[in-house]
Each structure stands twice: as structure tokens, then as C-alpha cells.
J.: 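I'd like to ask you about the structure that follows.
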Amino acid sequence: MVFSAIPFIANAAGYATVVDVATRILIYAIAAVSLDLIIGYGAMVSFGHAMFFSLGGYTVAIIAHHTFGGGPMLGWSGTNAALAVWPLALLACALLAVVVGALVLRTRGVQFIMITLAFAQMIFFVLVSLQAYGGDDGLLIDRRNELPLIDLGQPGPSTSFGFGLFGACGRLYARRW
């Protein structure tokens, strides 16, 4: 939880770049924890775990695109509420995990490594081929999601919220194992 105070301390001390460095550390720590789970506890070397990060990001971005001028998607004009968008991103990743896991978990060793790489590349090319959403250039999100009682539009509170959420998940992860 101390990690969530970094943005406020850094901004008060005049070291705004510390927040950027801490954010990068946080992103790499999330990737390290996912690798620790799959390699350390599952004893499976995977090249496909990044597809879940990208699918979650594209889910949020596509919903934001339709919310702010992209027109309705399947009759729904979208939302910017984080309490609706983030669970949808998690649901999309969970559905992908069920489909991919049903096929991938039947293999072992080098075959497991190669099939996870193949699925990651398939998802990559599917997302890159979506020309309506930026294609190779990706999709720009120009507004942050909204949370009740927390102003995610300001860098301090949004970064502190992310750091605090990471700290809470880290505590749960540490207790689990």
C-alpha cells in the first residue's frame, strides 16, 4: 500500500519522472507475476500470456472508441464506466483462456511452447487486421475510464489507484502461495 503514495510524494517533491519510472516498474512486475505463476508454479513455458494483456486492452479501447464517436456496436453505444468496461475486458480474456486452454493444455514440452506462440500470433494478427480500429497503428484512447468517487482524469489519483490495486493484488498473491 505504500507504493500507492509514490505519485503524491514524487509530485510534492518535484520529481514527476519518478511516477513514470514507478509505473514502468509496476507494468513489468505484473508481467513477472504472470510468468511466475505459469512457469514457477505451473512448470509450463508459455509464449502466449501476452495475448491476454492485448485482448483486455483492445476490449477497453474498442468500447471507448464506440462510446466517443465510433457509432453503436451491436446496438450498444458503449460506456466509459470502469466498473462496466473492466469486467468486460476480464470476461473477454476469460473466454479466450477457456478456448485456448482447452486446446493448449493437451500438449506438453516443446509442443506446448509452440502452440502458445501460435495462438499469440493468431490473436496478434487478428487485432492488427482490424482496420476500423487503427490496424497496425493501434487504437488511441483519449479519455480515461470513470470510477465513482475517484477522479481517474487526474494523474495523481489514477496512478495511486493503480498502484494501490496492484498492492492489494500482490498481498492476495503472497497469501495464496
J.: Are L95 and Y58 grouped together when hydrophobic residues (ILVMFWY) are joined by side-chain heavy atoms under 4.5 angstrom apart?
T.: no

J.: Which value, rounded to the nearest 0.5 Å, describes the distance between L96 atom CG and I123 atom CD1?
T.: 5.0 Å

J.: Nearest 0.5 Å, what's the OG1-CG distance between T116 and L105?
T.: 10.5 Å

J.: Hey, quick one: are F124 and F53 part of the same hydrophobic cluster, counting side-chain heavy atoms closer than 4.5 Å, chains of contacts allowed?
T.: no

J.: Would you check, one step at a time, whether the test side chain to side chain contact (heavy atoms under 4.5 Å, CB included) holds for L117 with M114?
T.: CA-CA 5 Å; L117 178 62; M114 295 310 292; 4.3 Å; yes

J.: For the residue pair A89 and V60, what are the closest heavy atoms and their distance?
T.: CB-CG2, 3.9 Å

J.: Kindly give the heavy-atom pair with the smallest separation between G48 and A120, and that separation in Å.
T.: CA-CB, 3.8 Å

J.: T67 and I63: which non-hydrogen atoms are nearest, and at how many Å?
T.: OG1-O, 2.7 Å

J.: Measuring from atom CG of L130 to atom CG of L139, what distance do you get when rounded to the nearest 0.5 angstrom?
T.: 9.5 Å

J.: Does I113 reach the side chain of F47, with side-chain heavy atoms less than 4.5 Å apart?
T.: yes

J.: State the CG-OG1 distance between L90 and T59, to the nearest 0.5 angstrom.
T.: 9.5 Å

J.: On a heavy-atom basis, which atom in C93 and which in G56 lie closest, and how many Å separate them?
T.: SG-N, 3.6 Å

J.: Excluding sequence neighbours, so at least two apart, what forms side chain to side chain donor-acceptor pair (under 3.5 Å) with Y133?
T.: H66

J.: Same cluster or not: are V100 and V126 linked, directly or through other Ile, Leu, Val, Met, Phe, Trp or Tyr residues, by side-chain heavy atoms under 4.5 angstrom apart?
T.: no

J.: Nearest heavy-atom pair of R106 and A102: which atoms, and what distance?
T.: NE-O, 2.8 Å

J.: Find the distance between CE (M122) and CG (L127) and round it off to the nearest 0.5 Å.
T.: 12.0 Å

J.: Under 4.5 Å between side-chain heavy atoms, hopping through other hydrophobics if needed: is there a path connecting V98 to L91?
T.: no

J.: Linking I/L/V/M/F/W/Y whenever their side-chain heavy atoms sit closer than 4.5 Å, directly or via other members, would I115 and V99 fall into one cluster?
T.: no

